[in-house]
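Read the structure below first, then the notes.
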Amino acid sequence: MAQEVSCIGDCEDTIITEKYLAESTEASSHVQLACSMLYCAFPLHGNQLCLWSIRDPSHQLLILQGHLQSITAMAFGNKENPPLICSASQDCLMIWNLDECREKSLKGLVPRGTVMGTLLEKVLYLRFSPDDRVVAACAGSRVLVLDVESPSVLVELEGHQGTVTAAEFCPWQGQILISVSEDRSFKVWDHCMGTLVYSSSVFAAYPLLSLFIHEDSKQLLTGCADGQLWVFSLVERHRYRCVARVDLRKRNKAFFTRRMESEGCSLPEESQRPSRKMLDQGEEAEAALPILMLASCYLPRLLDAGCGVLPSESSACLWIASSTGLFIFHLASLELEHALHFKDFRCLSVQVAGSCAVTSQAADHKAFCLLTSMFGKRIAILEVSLDTLVRSQQGPVPEKALSVLASSCVLPTSPLYLGVVKGKSTKPSGQKQSAVQSAVGDQPLVFHAKVRSSGYALPPRVTMFSPKTNIKKDGKRSSKCKINCKREEYPLETSVPSKPSKQVAVCQEPTAVSCVQFSGDGRWLACGLANSLSLIFEASLTGTPAALSGHDGAVSTLCWSHDQRWLLSAAQDQTLRLWSVHRKELLLLLDRGRLCKPVPSAQFYYMDAFILLSSGQELQLLRYHVDPVRDEIKRYKPRSRYECVLRLSTRGATEVTSLSAVNDFYSHVVLTAGRNRTLQVFDLNTGCSAAVIAEAHSRPIHQICQNKGSSFTTQQFQAYNLFLTTAVGEGVRLWDLRTLRCERSFEGHPNRGYPCRIAFSPCGRFVACGAEDRHAYVYNLGCSTFSHRLAGHTDTVSEVAFNPAAPQASEDKHPTSLAG
């Protein structure tokens with residue numbers, strides 16, 4: 001029985017087409033299916049091996065008979081010439097040459113396969129080696145390696161405590177074989193020597209069902225029966241470390257929320273959004289999401305990293321097959337790009353899958369999916385149009401292209417126009433020049449009979465050299481001036497500092513270090529403490545630090561001005577203070593009467609023209625004037641002042657947890673994070689919201705970190721559109737402002753309960769973050785697992801910072817010390 005059915009989803013074009021449907025006399029819900037570039041293979045009536053042609057569906061089905069008992073597993077070879085397929089049942093294991101079988105079938109002869117051996121246990125999984133010379137068969141708790149040319153068992157690999165469910169050969173190391181089992185662990189074998197190379201501990205709560213090895217990123221992925229996807233690194237020096245753990249159910253929920261809000265073209269109000277109770281109830285009514293199969297998904301043109309500074313493997317995607325649908329998984333960002341739920345296509349014959357196989361066609365952007373029914377005896381072949389799928393499930397696209405670099409002039413109606421006018425009016429040289437021009441213009445024009453000679457015709461006057469004997473030699477001053485004038489470029493190819501050069505105690509009593517920040521010239525390091533003090537160290541951590549006192553609560557934020565003259569501090573006492581760095585005194589104060597709620601984030605903005613802060617649900621832009629001169633009689637009365645020129649509320653009136661903007665050059669973009677787990681982009685040139693990213697994390701974001709670079713180095717202009725976000729329990733995510741997409745996730749550091757902070761390196765190649773295991777972690781921007789793990793701390797590393805002028809990192813421990 002066969003039929004062709006078109007299933008139309010939420011768009012006008014066809015997303016899924018049911019190309020073939022077969023009714024079998026026996027159920028095959030847990031049989032390993034196989035798909036290649038040429039055929040889809042499935043069992044029919046138990047012991048018949050049926051092959052459906054992908055390139056020419058009009059061809060008659062090729063049915064291979066030779067098994068006496070029901071077929072339990074099958075797999076295609078990796079080479080197209082000759083095309084091979086291996087099938088297994090409890091009575092025997094057979095290999096078929098498909099060209100010979102097709103030729104015999106056309107001649108009316110019965111195709112015959114080669115019996116490789118008689119097995120005593122049920123085979124659940126088959127896999128060819130990359131060169132098609134050997135076949136791995138998972139039978140019970142053993143893995144049998146069989147020779148294809150001379151049908152025989154080469155080696156039996158024993159060691160698992162449960163049934164082996166999958167096995168894969170390493171593409172770049174042909175002698176390495178990796179297997180997963182129901183004992184919730186994986187093992188690495190050298191099948192040529194018959195030895196065990198590595199055995200993992202029990203890391204999952206449910207049996208492992210699927211396995212995939214990604215060659216470009218050198219990662220191992222395995223899926224569990226409860227929908228957990230585990231990612232491990234196969235790089236030799238990483239020793240099979242865990243890169244990430246992904247909950248498919250949570251990712252599906254987040255994808256559904258983002259899609260719902262993008263289809264509405266706006267972020268719904270809190271009352272209109274589906275509540276957690278509603279989602280949880282719906283989730284309980286649905287079937288579980290066991291990961292049945294993992295396969296490559298070729299989307300080279302549709303999904304591009306876009307930023308121009310990330311490697312090409314950052315756009316790699318995988319197919320994840322579950323019992324209720326198909327998902328396209330972005331390997332770098334660990335997010336779902338697209339989802340196809342079988343229940344959304346009522347015309348499909350199979351709504352709940354028992355087993356699945358998928359293959360992608362890179363040329364015409366099509367994928368073929370082979371399904372068997374979980375509770376019935378139906379077998380269906382689906383054709384998925386990837387172009388249509390991507391168009392129907394596009395993410396949030398901003399109305400205009402967003403970029404951190406300002407691409408247009410400041411509008412006269414913009415609040416930033418005040419900063420431009422202020423910058424022009426405060427140039428003393430410009431005022432002096434305009435005054436001279438006006439004075440010259442007011443003089444009457446007079447013609448004189450004699451004009452004084454310019455002296456060009458006279459011989460030049462030569463003054464012989466005469467030494468200056470009245471200058472005192474001061475070696476220290478000369479050395480200091482030489483250091484100040486010398487600006488060495490930040491080395492772009494340098495390695496990450498891996499050993500602490502110096503460690504100092506910030507306080508005699510146990511006091512937490514809450515924040516640190518280097519000055520723009522790299523000479524000073526500001527440090528905020530929980531005892532309400534702010535300290536200013538030299539970058540080398542030598543000498544006695546300068547103390548700034550005045551807050552009544554823990555200092556939560558510190559920010560240097562662009563010219564390094566001022567320091568901005570915010571604390572839990574609901575005040576904001578601006579300090580003079582050289583005079584160590586307070587210049588400007590925003591007290592509790594001016595701020596309705598505490599200030600979690602504050603910074604200088606627009607080349608020190610404004611102060612940008614968040615308080616409660618508002619984003620405030622302050623224009624300020626600092627007058628360092630004070631009247632000695634009225635010293636208590638500061639002459640500095642400020643005014644609020646713009647107030648913006650977040651979408652949904654949610655509390656702002658973090659904000660970020662560039663101050664080293666003119667930029668109109670401000671990034672904010674809300675308590676409702678959303679990211680919002682504001683364009684202060686127009687004074688309104690430009691884009692919203694829903695469900696950026698599953699928990700509220702506690703820091704946004706932009707790639708601001710340094711005055712000592714130069715990056716590609718696309719790199720400044722990258723920014724990082726972090727949330728407790730979810731690691732770090734890398735975003736591209738132009739595409740509003742998560743490009744990569746970094747989840748190799750423990751961060752379960754304390755808000756550890758992050759930092760970009762000045763060269764833009766590394767990401768540093770604190771962790772709860774008393775280490776600081778450093779990631780390379782092109783790899784999801786950490787490259788360095790910096791030890792030497794005695795408690796949680798809460799804050800990290802890079803020196804913008806030299807390869808030096810500063811790390812804050814939760815108690816009393818500071819390491820550089």
In Å and rounded to the nearest 0.5 Å, what is the [atom1] to [atom2] distance from [X] to [Y]?
| X | Y | atom1 | atom2 | result |
| --- | --- | --- | --- | --- |
| L781 | L722 | CG | CG | 6.5 Å |
| R757 | S798 | CZ | OG | 9.0 Å |
| R675 | E655 | CZ | CD | 4.5 Å |
| L679 | R733 | CG | CZ | 10.0 Å |
| S333 | R741 | OG | CZ | 6.5 Å |
| L568 | L558 | CG | CG | 8.5 Å |

If every non-hydrogen atom of [X] is compared with every non-hydrogen atom of [Y], which pair is closest and at what distance?
| X | Y | answer |
| --- | --- | --- |
| F746 | C783 | CE2-O, 3.2 Å |
| A694 | T678 | CA-CG2, 3.9 Å |
| S784 | R744 | OG-NH1, 2.8 Å |
| P415 | F610 | O-CZ, 3.5 Å |
| T726 | G731 | OG1-O, 3.1 Å |
| S689 | Q680 | OG-NE2, 3.0 Å |

For salt bridge (Lys or Arg N to Asp or Glu O under 4.0 Å), just list the numbers for D608 and R565, CA-CA rounded to whole Å, side-chain angles, deciding distance to a tenth of an Å, and then say yes or no. CA-CA 10 Å; D608 296 342; R565 292 189 301 163; over 6 Å; no

Between [X] (side chain) and [Y] (backbone), is there a donor-acceptor pair under 3.5 Å?
| X | Y | value |
| --- | --- | --- |
| S580 | K584 | no |
| T713 | S710 | no |
| S667 | V662 | no |
| S640 | D627 | yes |
| Q564 | H562 | yes |
| S615 | K597 | yes |
| T511 | N531 | no |
| N663 | M607 | yes |
| K708 | A661 | yes |
| N685 | L411 | yes |

Does the side chain of [X] reach to within under 4.5 Å of the side chain of [Y], using non-hydrogen atoms?
| X | Y | value |
| --- | --- | --- |
| L587 | E585 | yes |
| F682 | L659 | no |
| Y605 | L684 | yes |
| V669 | D683 | no |
| E799 | S514 | no |
| Y606 | Y666 | yes |
| S408 | H668 | yes |
| L613 | L576 | yes |

For [X] and [Y], does a side-chain donor sit closer than 3.5 Å to a side-chain acceptor?
| X | Y | answer |
| --- | --- | --- |
| H702 | S658 | no |
| H788 | Y779 | no |
| Q715 | N707 | yes |
| W735 | T725 | yes |
| T796 | E772 | no |
| T650 | Q617 | no |

Walk me through whether F760 and F766 qualify under ring-ring contact (aromatic ring centres under 6.0 Å, His included). CA-CA 6 Å; F760 250 117; F766 302 103; over 10 Å; no

Under a 4.0 Å N-O cut-off, is there an ion pair linking R592 with D573? no

Go through the steps for R738 and L402 under the test side chain to side chain contact (heavy atoms under 4.5 Å, CB included), then give the verdict. CA-CA 5 Å; R738 297 171 303 161; L402 296 176; 5.7 Å; no

With side chain to side chain contact (heavy atoms under 4.5 Å, CB included) as the criterion, how do R699 and V728 come out once you've worked through the C-alpha distance, each side chain's angles and the decisive distance to 0.1 Å? CA-CA 7 Å; R699 295 186 179 182; V728 175; 3.7 Å; yes

Take C515 and V555 through the test side chain to side chain contact (heavy atoms under 4.5 Å, CB included) and record every step on the way to the result. CA-CA 8 Å; C515 55; V555 179; 4.2 Å; yes

Evaluate the criterion side chain to side chain contact (heavy atoms under 4.5 Å, CB included) for residue pair L578 and L567; output intermediate values, then yes/no. CA-CA 6 Å; L578 191 148; L567 183 67; over 6 Å; no

Over 60° means perpendicular and under 30° means parallel, so tell me whether H749 and Y777 are parallel, tilted or perpendicular.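 Aromatic pair H749/Y777 classed tilted.
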
Candidate list L589, D591, L588, test side-chain contact (heavy atoms from CB on, under 4.5 Å), partner R577, passing option: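 Only one option passes, and that is L589.
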
